[in-house]
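Being a predicted model, the structure only gives us computed values, none of them experimental.
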There are 2 protein chains.
Amino acid sequence: MYSAGVNAAERLIESTRDLLWERGYVGTSPKAIQQRAGSGQGSMYHHFSGKQELALTAIRRTAEEMRARAEEQFSGPGTPIERITAYLRRERDVLKGCPIGRLTQDPDVMADPLLRAPVDETLGWLRGRLAGIVAETGTKLDPQAVAATIVATLQGGYVLARAAGSPAPFDQAVSGLLSLLTD
Amino acid sequence: MYSAGVNAAERLIESTRDLLWERGYVGTSPKAIQQRAGSGQGSMYHHFSGKQELALTAIRRTAEEMRARAEEQFSGPGTPIERITAYLRRERDVLKGCPIGRLTQDPDVMADPLLRAPVDETLGWLRGRLAGIVAETGTKLDPQAVAATIVATLQGGYVLARAAGSPAPFDQAVSGLLSLLTD
DNA sequence: GTCTATATGCGGATAGAC
DNA sequence: GTCTATCCGCATATAGAC
């Protein structure tokens, strides 16, 4: 439940972001959103047309935040390999997973072009941005392919960590990738 | 809908397997299972105590099938690297994703130790089995870490492919990984 | 802006007839 | 073994009062 110091629309958006992360779109009901936000039916349907519009707003905000956080590492100091390492080793809420990547498993998100677009764009941007940095290293390997491997290792690392109930497999996957990239 | 040449319990299990793959546990209702199986309420609740038991049966079967398919490549002919390559390049239903990995995003599966166990065991087995094959190569890298990277690349590759609506990012991620493993 | 009332159908089962 | 009837509550709103 969010503090009453913020307006209702804002609390509804943040509650939706949390629930989409924890339970996905299919697993999240308007009632659950309202309860977490501490608002009633009337308030929610006054500010938003329904679950879909609220989710769209929430997903867009999460996507933007994710890009901004990644960009901090990408445009930070150091050699290309150091920046990639900084990105991979950044602190993460491993057991919660990626709030954008998890939406790819949601049938109703994938079936809705509007909800799906920010998911597609964000992961596409990430691959492209990383490909540029990989290219800077002057490697003889295909930068686009290596970039896809990097993003996939993170996304898959979350899957392994959640299955195991421990961040260890995520950390192993990242270590394995870095050892392959740097040797 | 499965052919009437098979008994009801069997049709219910296969329908559940399909729906868990397509929509996850939270997104799958008893009614949807019954309709796809061409059976009624009575039949389903005669053969199974409810949605949970049916899902458990379905998940266990899927897990076993997945291990058997992987083992075909792992114990096939060739050098360790050739067998890993054969496994990575094997034909896959990329846009559907991994029927076991996707369950890690399902809150009700993760919250239920019984449903969760086969997911944990299967991905754990996969990492362990691959670590053994990586060790056979005599690499100086950590086999467990590299094995985690391999499994994560596959699981994350599915995520990227689903987001993009195309198998291309999956194929890129696999190519990138193979180029890192073999150069 | 927010509240309460009301609506239709689905989720997930139980009960008992056939 | 399968069918139909019935149940309670949630999902996802809409309507109108305050």
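- Atom CD1 in A:Ile33 sits roughly 16 Å away from atom P in C:dT2 (whole-Å rounding).
- At whole-Å resolution of the value, CE in A:Met44 and P in D:dA15 are 16 Å apart.
- For the pair A:Gln35 CD and C:dT2 P, the computed distance is 17 Å after rounding to whole Å.
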Contacts table for residues 172-183 of chain B: side-chain donor-acceptor under 3.5 angstrom, sequence neighbours left out:
unit_1: B:Gln172; atom_1: OE1; unit_2: A:Arg127; atom_2: NH1; d: 3.4
unit_1: B:Ser175; atom_1: OG; unit_2: B:Arg89; atom_2: NH1; d: 3.4
unit_1: B:Ser175; atom_1: OG; unit_2: B:Arg89; atom_2: NH2; d: 3.4
unit_1: B:Ser175; atom_1: OG; unit_2: B:Asp171; atom_2: O; d: 3.0
unit_1: B:Ser179; atom_1: OG; unit_2: B:Ser175; atom_2: O; d: 3.4
unit_1: B:Ser179; atom_1: OG; unit_2: B:Gly176; atom_2: O; d: 2.7
unit_1: B:Thr182; atom_1: OG1; unit_2: B:Leu178; atom_2: O; d: 2.7
unit_1: B:Asp183; atom_1: OD2; unit_2: A:Lys140; atom_2: NZ; d: 3.3

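- In summary, B:Glu71 and B:Arg129 engage in a salt bridge, as defined by a charged side-chain N under 4.0 Å from a carboxylate O.
- For B:Tyr45 and C:dT14, the OH to P distance is 7 Å, given to the nearest whole Å.
- We find that CZ of B:Phe48 is positioned 11 Å from P of D:dT2, with the value rounded to whole Å.
- Remark: B:His46 is not in phosphate contact with D:dC3, judged by side-chain N or O atoms under 4.0 Å from OP1 or OP2.
- Using a 4.0 Å cut-off between charged nitrogen and carboxylate oxygen, A:Arg83 and A:Glu136 count as a salt-bridge pair.
- At whole-Å resolution of the value, CD in A:Gln34 and P in C:dG1 are 18 Å apart.
- The residues B:Arg17 and B:Glu65 are annotated as salt-bridged, a charged nitrogen and a carboxylate oxygen being separated by less than 4.0 angstrom.
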Grab the N/O contacts between the protein and nucleotides 4-11 of chain C below 3.5 Å, and write none if there aren't any.
unit_1: C:dG11; atom_1: OP2; unit_2: B:Ser29; atom_2: OG; d: 3.4

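- A salt bridge links A:Arg61 to A:Glu10: one of the charged nitrogens lies within less than 4.0 Å of a carboxylate oxygen.
- The stretch residues 65-124 of chain A participates, sequence neighbours left out, in these ring-ring contact (aromatic ring centres under 6.0 Å, His included) pairs: A:Phe74-A:Tyr87.
- Nucleotide D:dA11 holds its P atom 15 Å from the CG atom of A:Leu54, rounded to whole Å.
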